[in-house]
Amino acid sequence: MTLLRQFLFLIGITILTLPTALSGDPVEVLNAFEASPAQPNRMLIEASDGLLYGTTSSAFSNGAGTIFRMDFDSNIEVLHYFKGGSIAIHGTGPASALVEGSNGEFYGSTYHGGEFGLGTVYKFSLHDGYQTLRSLGDVEDGFWPQSGLLKASDGSFFGTAPHGGKFGEGVIYRIDKNDQYSVFHHFKDGKGTAPLAALIEAHDGHFYGTTQRGGNKNQGTIFKISPEGELTLLHHFDGQGKISHARLVEASDGNLYGTTSCVFTGSPGSIFRITSEGQFTLLHTFDPFEGFCSESTLVEYNDGFLYGTTSRGGDQSNVHFGAGALFRLSLDGEFETIHQFKSSPSPYYPHSGLIEASDGALYGTARLGGENDVGALFKFTPSEGVTTHHDFGWPKDSIQWVVSLRESLSQDRLFGISERGGEFNHGTLFELSFSGELKILHSFNELQGPQFRDGIVETDEGELYGISSEGGAAKRGSLYKLDRFGEYKLVHNFTGPEGTYPSKLIRTQDGKIFGLTTEDGAPLGEPTNLAFGTLFSVEDDTVIPLHRFKGRDGAEPIELIEGDDGVLYGTTIYGGTFDDDFEDGDGTLFKFDPEAGFQSLLSFSHYPSTGRSQGKWPFQLMKPIDGDLFGITSGGAWSDGNVFKFNESDGLSPVFDFDPNQSAGVSLYPNGILKAPDDFAFIGTTARGGRYGYGMIYKLEPNGTFNRIHSFNGWDGSGPNGLMITNSDGSIYGTTNFGGPLGGGVFYKLELESVEDPGFAFIRGDCNGDRDTNGVTDALVMLEANFTGAFIPPCDAACDANADGDITGVSDAVTMLTYNFLGGIEISHPFPLCASSNQEYDLELGCRESPCE
């Protein structure tokens, strides 16, 4: 067997473990913002303490999710936040309902996370907190569970997983009284595969369940299994719909009832009955007008009817995209639609089962709708119909989605605006101390908000001015101020001639206030077809238009900064001279001198006739340095953004293009940049990418040399929004929109002094130093260097392909062969382009000579 064949064979039996945390981390979380649950998952349960318990899959934390409880007065409390990113080892994305055990313990499963990323089974109690009982990943374990657990009469718990097992077709697993995991049954094709729904225990002592696939027609089956593990096939599905997460229910007549979901190219779903002996009866096939696509576990209500929901249909005017319905069915098969769900602010898209609570009402959850359109809990009684019981959303004493951040004139705190949070969930104006203490100064109501543009300034008198892009009487934008006593005052409603939908507000060095609007601006009596926003000033609380954009000089201005000479520089998202349809242009760069007036400097072109793409849709500028403007676009060579430089003598030149093909996460949506303190370099963030895909902080030299400083891992935040402030102590402060311990983002501090300069650049995996990692050459020279001594690599750090600090074994060669021939893994930064690394293991390995110089 050749050397290459030997190590291709080893790939099949070797598990590669990549590091999950950065050493010497320069980021410190100062404040974690709280996010309420969003997008509730499966059925609620009413626990023995008389409260409702459930899970959510989102909580605005990258699908990590929560466990929550609620009383019947709609007071909600988050009990546990699942951690995403590199902290997902305890499970993330709970996809099933909870089951109550003894002594206040709850059991459940997660679809993702765990030690192997394939899901977990967990236990949670109010006293002992969260505990992972099993990280699924062994080939026979089963993985990616989507069903809830069944608490059996013997005190153990049973669950299903649709993948894995001895035959790769799914399993039934068991958690015994000592919380030990074992596989109870391995599915094979003949009797069904891919069980999605939870089991039930019927009065005869057998367990009953369904599979999504397998059986005679590969459309799923119904089965029963004895406590000893003997499985009996009861029914093969054939065109009655697709088996979903809905479990069977045993009704008062002793029969089992269930639903199938829709197949968009075929059946809209159905309701069926089956006896313990396998006699199957199709009771009802859904009609889109009455609702279809049911993933609802049925419940027998106290009136003797079975109740359930559909996630689609039900709307007579929009059959295929209706918002769902609530229905009931008699045990004889008589069907009736009780309620048609509508879109927000009503709950819609219900996809989980209902429960009958102790107050006699039915409760269910909807994944969308509600006041904030992130889901709601609804209540049904025959006398009152469907009512909203709770709107999921944002905590009133927290903030979410920071859109503006400014240092106070006293330089002892920060002022900011959030798009969500506050008393009315329409955003806040807040202050943050540099130690992380949060104080909400004002909660915006529906008329005053929403807040999603960068605009807050402080005057010498201690007043705060801000803009609402769609607030005000006409909902086309407003200018407001908060006086030094905290009182809100509407200053101006934008109506048209002065522009509408304001996008920016700044204070210049001499204390004047300037701003931008993105639309309108034509004076009264003039045509409005060439009115694409304005640049304005605020004098004595009066808005005065200074320039009206007409398309060739830009459309939808969004960025405005001041240079040291008092000249204003800005960008427009659209417009310019390269497209006659100005609204589709690639944007412009302009300047405004209060003495000399307006001047258009550049029209961006994403598709130039020759040369490198300039980018398009410029949205941020940095204060000029020695006559050079630096900024960010959403375009670039790969359409994922770039950093550019501009001066009036040499024009525009791209500095760095963000590349989506760089697995190190150099790419994906740059959204902020500022000058590094005491260093002619830039610090920036990307909303995504990085080592874990949750965004990163990078350092960029004016010559284009790139170095990743920090990858957000979910626990320390995710989705950095580009809002950064440099404090007088040289530290950088910023915020993220998501992640953190409480799911709502974080306020962080970046200490650049803790970022070490490794002094050399390389490409990870490029062991032979030829800047090419595609193929088998690097794997072979790694083996030669380790076992024959025939090759001395120019850079040991480059040979550490799996980034574990060890290049003496075979795992680095296996990593490169896996990457090249099997895919599915990520090579750690720096890769696939030359860059520096500040990791201790790279510094210790070092380079004899940099292959990148």
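Everything quoted here is computed from the prediction, not taken from an experiment.
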Are the side chains of [X] and [Y] in touch, meaning some heavy atoms are under 4.5 Å apart?
X	Y	answer
Tyr107	Val121	no
Met816	Thr773	yes
Ile355	Val299	no
Lys191	Glu169	no
Glu46	Ser358	yes
Leu377	Pro347	no
Phe286	Cys293	no
Leu354	Leu298	no

>> Is it true that His203 and Glu250 share a donor-acceptor pair across their side chains at a distance under 3.5 Å?
In response: yes
> Can you tell me if Thr221 and Thr211 form a side-chain donor-acceptor pair at under 3.5 Å?
Replying inline: yes
Donor-acceptor contact below 3.5 Å, side chain [X] vs main chain [Y]:
X	Y	result
Arg273	Leu331	yes
Gln212	Thr193	no
Asn218	Arg213	no
Thr310	Ala325	yes
Asn255	Thr275	no
Asp812	Asn802	yes
His185	Val171	no
Glu201	His206	no

To the closest 0.5 Å, what do you measure between [atom1] ([X]) and [atom2] ([Y])?
X	Y	atom1	atom2	answer
Ser252	Leu306	OG	CG	8.0 Å
Ser276	Asp204	OG	CG	5.5 Å
Ser135	Leu118	OG	CG	9.5 Å
Ser109	Leu133	OG	CG	11.0 Å
Asp716	Tyr694	CG	OH	11.5 Å
Asp176	Ser182	CG	OG	6.5 Å

For the residue pair [X] and [Y], is the inter-centroid distance of their aromatic rings smaller than 6.0 Å?
X	Y	result
Phe272	Phe280	yes
Phe223	Phe187	yes
Tyr173	Tyr181	yes
Phe738	Phe712	no
Phe106	Tyr122	no

> Taking only residues two or more places apart in sequence or in another chain, which ones pass salt bridge (Lys or Arg N to Asp or Glu O under 4.0 Å) with Asp128?
Replying inline: none
>> Please enumerate all residues that pass salt bridge (Lys or Arg N to Asp or Glu O under 4.0 Å) together with Asp154, with sequence neighbours excluded.
In response: Arg174
>> Less than 6.0 angstrom from the centroid, inside 45 degrees of the normal: does Arg764 satisfy that with respect to the ring of Phe831?
In response: no
> Can a cation-pi geometry be assigned to Lys224 and Tyr208, taking NZ or CZ under 6.0 Å from the six-membered ring centre and within 45° of the ring axis?
Replying inline: no
Should the ring pair [X] and [Y] be called parallel, tilted or perpendicular, given that the plane angle runs from 0 to 90° and is split at 30 and 60?
X	Y	answer
Phe335	His284	parallel
Tyr130	His80	parallel
Phe143	His163	parallel

>> Could you report the tightest heavy-atom contact between Ala251 and Tyr257, atom names first, then the distance?
In response: CB-CE1, 3.5 Å
> Where is the tightest heavy-atom contact between Tyr348 and Ala366, given as atom of each residue plus distance?
Replying inline: O-CB, 3.2 Å
Only one of [options] passes side chain to side chain contact (heavy atoms under 4.5 Å, CB included) with [X]; say which it is.
X	options	result
Thr210	Leu248, Thr160, Leu234	Leu248
Thr110	Thr55, Thr132, Thr120	Thr120
Met70	Leu44, Ile76, Leu51	Ile76

> Is the shortest distance from a Lys or Arg side-chain nitrogen in Lys123 or Glu105 to a carboxylate oxygen in the other one below 4.0 Å?
Replying inline: yes
>> Using the side-chain contact (heavy atoms from CB on, under 4.5 Å) criterion, which residues pair with Pro350? Sequence neighbours excluded.
In response: Thr309, Phe341, Phe378
> Are Ser311 and Glu295 close enough, and set up right, to give a side-chain hydrogen bond (donor to acceptor under 3.5 Å, both in side chains), and what steps lead you there?
Replying inline: CA-CA 7 Å; Ser311 60; Glu295 298 186 17; 5.0 Å; no
> Pick one: which of Thr259, Thr285, Thr260 meets side chain to side chain donor-acceptor pair (under 3.5 Å) with Ser270?
Replying inline: Thr260
> Counting heavy atoms not belonging to Gln279, are there more than 12 under 6.0 Å from its CD?
Replying inline: no
> Yes or no on side-chain hydrogen bond (donor to acceptor under 3.5 Å, both in side chains) for Asp806 and Thr808, after CA distance, side-chain angles and deciding distance?
Replying inline: CA-CA 6 Å; Asp806 182 9; Thr808 62; 2.6 Å; yes
> Of Tyr81, Phe392, Phe82, Tyr53, which meets ring-ring contact (aromatic ring centres under 6.0 Å, His included) against Phe68?
Replying inline: Phe392
>> Checking Ser96 against Gln146 for the side-chain hydrogen bond (donor to acceptor under 3.5 Å, both in side chains) test, could you report, in this order, the C-alpha distance in whole Å, the side-chain angles of both residues, the deciding distance, and whether it holds?
In response: CA-CA 6 Å; Ser96 65; Gln146 299 181 44; over 6 Å; no
